[in-house]
Chemist: 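Before we start, here is the structure in question, set down as structure tokens.
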2 protein chains.
Amino acid sequence: MNTSASAAPYHHGDLRRALLDSATAILTETGRWDFSLREVARRAGVSHAASYRHFTDKEALIAAIAVTGYEALRARMSAAIDGASGAVETLRAIGHAYIGFGVENPALYRLMFGQALPGIEGLPPTVLAVLTEARAVLRGVILDGARTGTFAIDPEDEQAVSVAVVTAWSLVHGFTLLTIDRVVDREVRPRVIEALTARVTERLIIGLLPT
Amino acid sequence: MNTSASAAPYHHGDLRRALLDSATAILTETGRWDFSLREVARRAGVSHAASYRHFTDKEALIAAIAVTGYEALRARMSAAIDGASGAVETLRAIGHAYIGFGVENPALYRLMFGQALPGIEGLPPTVLAVLTEARAVLRGVILDGARTGTFAIDPEDEQAVSVAVVTAWSLVHGFTLLTIDRVVDREVRPRVIEALTARVTERLIIGLLPT
DNA sequence: TGGGCGTGTTGACACTGGTAACATTCGGTC
DNA sequence: GACCGAATGTTACCAGTGTCAACACGCCCA
């Protein structure tokens, strides 16, 4: 029992969230996820073994961070889609939302798609669901454009549609990573990135338009 | 002094290489590069501190592996370019070589472009040189295609050329990673990957052709 | 009122990256 | 051929890590 008002109570209240927050903070500060669980616990003001009541593993903590990232990405893409109409505009919105998320959360994005996780197949169902859903949305847009004749793709040709989906995803994914890793342009500034994003996205769309 | 013929000599001969080999073996076996230096040393049949005579750091070992990877990638791309003529064919060759390398060496590729390294700018000059060179080659091909009118790009428009370069690189990079991570297609087989590679590369080229 | 269970703590273990002090061998010099 | 410094390898050690087991606390329900 502790009578001091400011002293921390024995039970934290929402330690799981606190640990996730600490870990995410370290991630965004350092850009790395090879921090020690002990440091995370220290930041949360808790003993080094407390995290094992909430995460079976260090890997489980990392995976939980990834899940929050996937959900944030999904939210952002959903919002972008809602405000757009027509295949071209929607595709553009998706591209900008996706790249924007990655560029603004570089460490998190790398964690989400890096090797930190036990292989994509080992991911929690939540994550797989988001990924599958993301692909479905993208496919829907492209299929829509194909049906209306906006894109030069035969909507009946399953494979052609798949190739377009994979191509589009590859482009935004690759661009995001190259930008994050500063491979693309070493003296990048926000403005430049935005402009580049717009132009790369436009190239993607041009590649889909009929000749 | 040791009179037994089979006993290991005190000095290894080429321990640096042996350590790199052990580490690379672990990398390809497990797909991860969070192995311990001590295990690498164990595999090389040497005491755990010996590696510090050849690599200042664990990170230095990882970086050295990355360097071998970059050089292998460069070699493969060079070979591909040599056998091709014309902008379209050359671009196709580059794409196939790049993706092929990544798909055949997934762990190495991820290490090369993952967060294992001290940020792209901290990389050894060798690596930076290879990356810069790679971009120059790609730019050369696209510029060539632009000049001959094969691609719908104004060769005088610096920015347009840059955008095309970034787009192309992003596409192959993203596709390679998505394939490695099995995000693209979860029941991929070599044949499927090859076919996909071909079609995605073709989409890239189509996107550059005049309308 | 009490006891059980979820939550947090302490203490321990094997292991890791890294350093320092010591041992061994190689290559060059007399 | 004997000698010696530099390069290379070894052993001993340190602080820090992930993880587990045993214990402590306190909320909630019978």
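All chains are named by letter (A, B, ...) in the order of the sequence lines, taking the proteins before the strands, and each is independently numbered beginning at 1.
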Chemist: Suppose we screen for side-chain hydrogen bond (donor to acceptor under 3.5 Å, both in side chains). Which residues come up paired with A/Ser162, at least two apart in sequence or across chains?
Modeler: A/Arg139
Chemist: Supply the atom-to-atom distance B/Leu131 CG to B/Arg135 CZ, rounded to the nearest 0.5 angstrom.
Modeler: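 Going from CG on B/Leu131 over to CZ on B/Arg135, the span is 8.5 Å.
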Chemist: Please list, chain by chain and in numerical order, all residues satisfying salt bridge (charged side-chain N to carboxylate O under 4.0 Å, His left out) with B/Glu133, sequence neighbours excluded.
Modeler: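 Partners of B/Glu133 by the salt bridge (charged side-chain N to carboxylate O under 4.0 Å, His left out) criterion, ordered by chain and then number, come out as B/Arg74.
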Chemist: Tell me which residues in residues 14-21 of chain A put a heavy atom below 4.0 Å from DNA chain C, sorted by number, or none.
Modeler: A/Leu15
Chemist: Just how far, in rounded Å, is P of C/dT16 from CG of B/Asp57?
Modeler: 17 Å
Chemist: Looking for any heavy atom pair under 4.0 Å, which part of the strands does B/Phe55 touch: base, sugar-phosphate only, or nothing?
Modeler: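 No contact.
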Chemist: Using 30° and 60° as the class limits, which term best fits the ring planes of B/Tyr98 and B/Phe113: parallel, tilted or perpendicular?
Modeler: tilted
Chemist: Taking the side chain of A/Ala49 as heavy atoms from C-beta outward, which of C/dG17, D/dG18, C/dT10 is closest to it?
Modeler: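 Nucleotide nearest to A/Ala49's side chain: C/dT10.
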Chemist: I want to check one thing: is the phosphate of C/dT16, taken as OP1 and OP2, less than 4.0 Å away from some side-chain N or O of B/Arg42?
Modeler: yes
Chemist: Can you tell me the distance, in whole Å, between the CD atom of B/Glu39 and the C1' atom of C/dG17?
Modeler: 15 Å
Chemist: Charged N to carboxylate O under 4.0 angstrom, A/Glu39 versus A/Arg32?
Modeler: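 No.
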Chemist: Both A/Val46 and A/Arg38 contact DNA chain C. Taking the nearest nucleotide for each, which residue is further toward the 5' end?
Modeler: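 Taking each residue's closest nucleotide, the earlier one in sequence belongs to A/Val46.
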Chemist: Find the distance B/Glu59:CD to C/dG17:C1' and express it as a whole number of Å.
Modeler: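 Checked: the CD to C1' distance equals 12 Å.
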Chemist: Considering only side-chain heavy atoms of A/Ala50, which listed nucleotide, C/dT9, D/dT19, D/dT11, is closest?
Modeler: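 The answer is C/dT9.
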Chemist: Please state how far atom CG in A/Leu61 lies from atom P in D/dT19, giving the value in whole angstrom units.
Modeler: 10 Å
Chemist: For B/Leu37 and C/dG17, give me the distance from atom CG to atom C1', rounded to whole Å.
Modeler: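 Nearest whole value for this atom pair: 7 Å.
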Chemist: Expressed in angstrom and rounded to an integer, what is the separation of B/Tyr52 atom OH from D/dA7 atom C1'?
Modeler: 19 Å
Chemist: Between A/Ser36 and D/dT17, is there a contact of a side-chain N or O with OP1 or OP2 at under 4.0 Å?
Modeler: yes
Chemist: In whole angstrom, what separates A/Asp34's CG from C/dG17's P?
Modeler: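 Between P of C/dG17 and CG of A/Asp34: 12 Å.
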Chemist: With a sphere of 6.0 Å drawn around CD of A/Glu29, does it hold more than 12 non-hydrogen atoms of other residues, nucleotides or ligands?
Modeler: yes
Chemist: May I ask you to verify if any side-chain N or O of B/His54 is less than 4.0 angstrom from the OP1 or OP2 atom of D/dG9?
Modeler: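 So the side chain of B/His54 is within the cut-off, an N or O lying under 4.0 Å from OP1 or OP2 of D/dG9.
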Chemist: Is the shortest side-chain N/O distance from B/Arg53 to OP1 or OP2 of C/dA23 below 4.0 Å?
Modeler: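 No.
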Chemist: Taking atom types as they are modelled, is there a donor-acceptor pair under 3.5 Å from the base of D/dG16 to the side chain of A/His48?
Modeler: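 Looking at the base of D/dG16, it does not pair with any donor or acceptor on the side chain of A/His48 (distance under 3.5 Å).
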Chemist: Among B/Leu20, B/Ile26, B/Val46, B/Leu27, which residue meets the side chain to side chain contact (heavy atoms under 4.5 Å, CB included) test with B/Val40?
Modeler: B/Ile26
